[in-house]
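Let me begin by presenting the structure, written as structure tokens, before commenting on it.
Bear in mind the structure is a predicted one, so any value in this text is a computation, not a measurement. Hydrogens, waters and symmetry mates are skipped; everything else that's a heavy atom, side chains included, is used.
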Amino acid sequence: MLQPHMIEQAPDAPGVYTMYAGADTILYVGKAKSLIKRLRSYLASELPVKIARMVSLVERVEYVQVFNENEAFILENTLIKQHQPRYNTLLRDDKTYPFIRIDFRHPYPRMTVVRKIKPDGARYFGPFVHGSGVFRLFRLLEHIYKLRSCSDTELQKRSKPCIEHEIGNCLAPCVFSVKDTYQAELMELVDFFRGKSRATVQRMEDQMKRAAATLDFERAAEIRDRLASIHKVINAQMVLDCAGENIDVYYLEKHPARDRYLASILIIRDGKLSGSYVKRLLSCDTDAEAVAAILREYMAGLNAPDLIVSNLPLPQEEQEHYEAFLKHQRIDFRVPQRGKKVRYLELAQVNLEKHGDKQAQEEASELMQRLGLAKLERMECYDISAFQGSYPIGSMSVWEDGELLPSAYRLFRLEGFDQNDDYLMIARTLQRRFQGSLASESHPDLILIDGGASQLNMAQKVLEELALGIAVISISKGRSRKSRGQESKHYDEIHIPGRKNPIAVRGRSVYRVLQHLRDEAHRFGITAHSRGRDRESLTSSLLAIPGIGPKSLQKILATFSSYEDILQNQQQLEALCGDRVASALVQYLQQHAEPSTPPHEETP
């Protein structure tokens, strides 16, 4: 199910988000003017039935930030058509955004508006998000550039110029030999589509000045309005020259705390941005090793584009080897300094800035400063799960170098408690951690206790007795706080030794990483506690089966590793406790036990 921590790193900027279920199944692709606001709307308590069902299936959310809303429209359209998500009902057909097509194989090419790109040798410019917008632009460009608008058949049949030539909108290639002039007009138009709009704007400004000089103010006002429309198109979106460009863009940056690089990747196919993601490049210490790791993926068979764009150059060592490979595969490798490719790198960099690895590391650095720590590479959080003294468990979650480390999580079975005693249970858990079998493992730079000031004081006392100079703080559910004109809210509070008043965790606070760590310890502990209580309840109820007493039950639990093991080895069970008792036990387990539930648990 969608959880707040899945989306909290999303930026307040336009982009596209993708919701995943298990096994990387894409449920939904959507666009938003503000990614964080749109994603938060899915956490509302009341949602339409269909959306609520989708949200309940979400296990992961990915998002791509873009420069403006129009680019979000285009990327959403591309991803929906590519993946056909189950919960997207619109844009799944083969209809797409319009393009302007120019066929340069014709001696006098003309512009046409199409909705499909075909491998016909023509060049396609776009896509344009709004259909009405492309036709308005089309008419504007027809008035600015003197290209023909007639069909090929009409061009061949005409013997004298049409009205378009008479009013100055066409060079009349049907009658006159104007190939050089026509080609110059055409190239200036192509430059406009490729983002070099200065010549077009200058031409319109000159027309407006000439009209004003001859006191034709209506004409000048008309050109002014057209010029405003042109500026709107230029500023609204990046129009791509879709001449079959296939580009992989890599923005590489070293992770500040680990021996790895982060690579923000844009996938551009047929001139359109079709995807974006961030990946980790492990065991890379230098820029050269990071670029080499990228190139080795193509050597291993990764589908190669026509062009690889990177912010880092080819490695100096073995440069000839990599250049030979790129030449053989007909792949161009560039480190651009200006132009459209630099903008691609800027977009990749923007997406990297919002990536969880980098955000978490930046938050950790700020947290270290606020808490006055010399370093903060590892944190451990401790929580207690118990119900009326039944099956008490201490749980430990671990954060290391900017990320949670589930493989280091631990459980501590706490014996000898008949009733809840959080303080003594916290003390016993810490003693087990630093004096038991885990004592040789790396010690944390900071310990976080789930509890208030009293639990913090107990943890401090234990650490002092063990002569461990480890910083310790605690986190608890805070009091209700209310601002004028607003509803009251409950904020988590951070308790720090020597500080009288706790710190309230509000909004996008740097202390959020502590909340995540606490939530993980609680989830890990409560799951084990519930499973253990169910196991104890089932084990105790086995004593009610005729023929099973404490000694025979202990013998059964020592022989079999799980209840599933008992059910699968009934002959061995019959040999151990007799046919009648074995039959009764099997019948009971089939009715009451989950097959995977083990009859006993190893305690770390």
Side-chain angles (χ1 to χ4, degrees), residues 3-5 8-9 36 40 43 359-386 394-399 402 404 420-430 433-434 443-523 525-526:
Q3 300 294 331
H5 68 84
E8 63 180 7
Q9 300 291 349
I36 185 63
R40 281 176 179 168
L43 300 176
Q359 292 284 316
Q361 190 60 41
E362 291 173 355
E363 289 178 353
S365 299
E366 185 176 349
L367 182 62
M368 180 180 69
Q369 295 176 1
R370 292 196 183 188
L371 297 177
L373 302 175
K375 67 173 184 174
L376 187 56
E377 297 177 355
R378 180 183 172 103
M379 291 189 289
E380 294 177 0
C381 179
Y382 295 90
D383 184 29
I384 301 299
S385 299
S395 59
M396 178 184 82
S397 60
V398 179
W399 177 99
L404 295 170
N420 283 1
D421 187 341
D422 279 358
Y423 310 114
L424 188 55
M425 290 176 180
I426 282 288
R428 185 74 60 80
T429 300
L430 291 174
R433 161 65 174 96
F434 295 106
H443 285 190
D445 303 305
L446 177 67
I447 289 176
L448 177 65
I449 303 296
D450 184 10
S454 300
Q455 284 87 347
L456 175 60
N457 292 337
M458 175 58 75
Q460 277 188 289
K461 182 179 178 181
V462 172
L463 294 175
E464 289 174 0
E465 291 174 354
L466 298 177
L468 295 173
I470 302 175
V472 58
I473 60 176
S474 69
I475 182 171
S476 64
K477 296 293 183 184
R479 302 182 302 275
S480 174
R481 298 170 184 263
K482 183 176 181 180
S483 301
R484 180 177 296 178
Q486 296 181 351
E487 296 182 0
S488 60
K489 294 183 179 180
H490 290 269
Y491 296 99
D492 285 341
E493 293 181 336
I494 306 296
H495 302 267
I496 300 176
R499 182 186 175 104
K500 181 178 180 181
N501 298 319
I503 301 171
V505 183
R506 301 172 185 262
R508 298 177 68 84
S509 167
V510 68
Y511 296 105
R512 289 176 307 160
V513 65
L514 302 179
Q515 291 176 309
H516 293 173
L517 192 58
R518 184 272 314 275
D519 292 345
E520 275 292 279
H522 183 72
R523 178 197 62 78
I526 201 69

Assess the residue pair Leu430 and Leu468 against the criterion (side-chain contact (heavy atoms from CB on, under 4.5 Å)); give the C-alpha distance rounded to whole Å, side-chain angles, the decisive distance to 0.1 Å, and a yes or no. CA-CA 11 Å; Leu430 291 174; Leu468 295 173; over 6 Å; no

Run the side-chain contact (heavy atoms from CB on, under 4.5 Å) check on Tyr511 and Arg370 step by step: do they pass? CA-CA 10 Å; Tyr511 296 105; Arg370 292 196 183 188; 3.7 Å; yes

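Residue Pro497 comes nearest to Ile473 through the heavy atom pair CD-CG2, 4.1 Å, listed as atom of the first residue, atom of the second, then distance. Considering every non-hydrogen atom in both Thr429 and Tyr382, the closest pair reads CG2-CD2, 3.8 Å. The two atoms that bring Gly451 and Ser476 nearest to each other are O-CB, 3.4 Å, heavy atoms only. Residue Ser397 comes nearest to Ala521 through the heavy atom pair OG-CB, 3.3 Å, listed as atom of the first residue, atom of the second, then distance. Across all non-hydrogen atoms, the minimal contact from Asp422 to Ile384 is OD1-CG2, 4.2 Å.
Applying the salt bridge (Lys or Arg N to Asp or Glu O under 4.0 Å) test to residues at least two apart or on different chains, the pairs with a partner in residues 372-386 are Lys375-Asp445, Arg378-Glu380, Arg378-Glu400, Glu380-Arg433.
Here CG of Leu448 is found 13.0 Å from CE of Met396. Values are rounded to the nearest 0.5 Å. Interatomic distance, Glu366 CD to Gln369 CD, rounded to the nearest 0.5 Å: 7.0 Å. Annotation: the span from Cys381 atom SG to His516 atom NE2 amounts to 12.5 Å, rounded to 0.5 Å. Remark: Leu404 CG to Met379 CE distance equals 8.5 Å, nearest 0.5 Å. For the atom pair CG of Asp519 and CG of Leu514, the computed distance is 11.0 Å after rounding to the nearest 0.5 Å.
In this view, Leu373 and Met368, Leu371, Leu376, Leu446, Ala471 satisfy the side chain to side chain contact (heavy atoms under 4.5 Å, CB included) rule, not counting sequence neighbours. Every residue meeting the ring-ring contact (aromatic ring centres under 6.0 Å, His included) condition with Phe434, not counting sequence neighbours, appears here in chain and number order: His443. With sequence neighbours left out, the salt bridge (Lys or Arg N to Asp or Glu O under 4.0 Å) criterion links Arg499 to no other residue. Listed by chain and residue number, Met1, His5, Met6 satisfy the side chain to side chain contact (heavy atoms under 4.5 Å, CB included) test with Gln3 (two or more places apart in sequence, or in another chain).
Asp492 has its side chain within reach of Lys477: a pair of non-hydrogen atoms, C-beta onward, lies under 4.5 Å apart.
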Atom pairs and distances, side-chain donor-acceptor, residues 453-467, under 3.5 Å, sequence neighbours left out:
from   : atom 1 : to     : atom 2 : distance (Å)
Gln455 : OE1    : Gly452 : N      : 3.1
Asn457 : ND2    : Ala453 : O      : 3.3

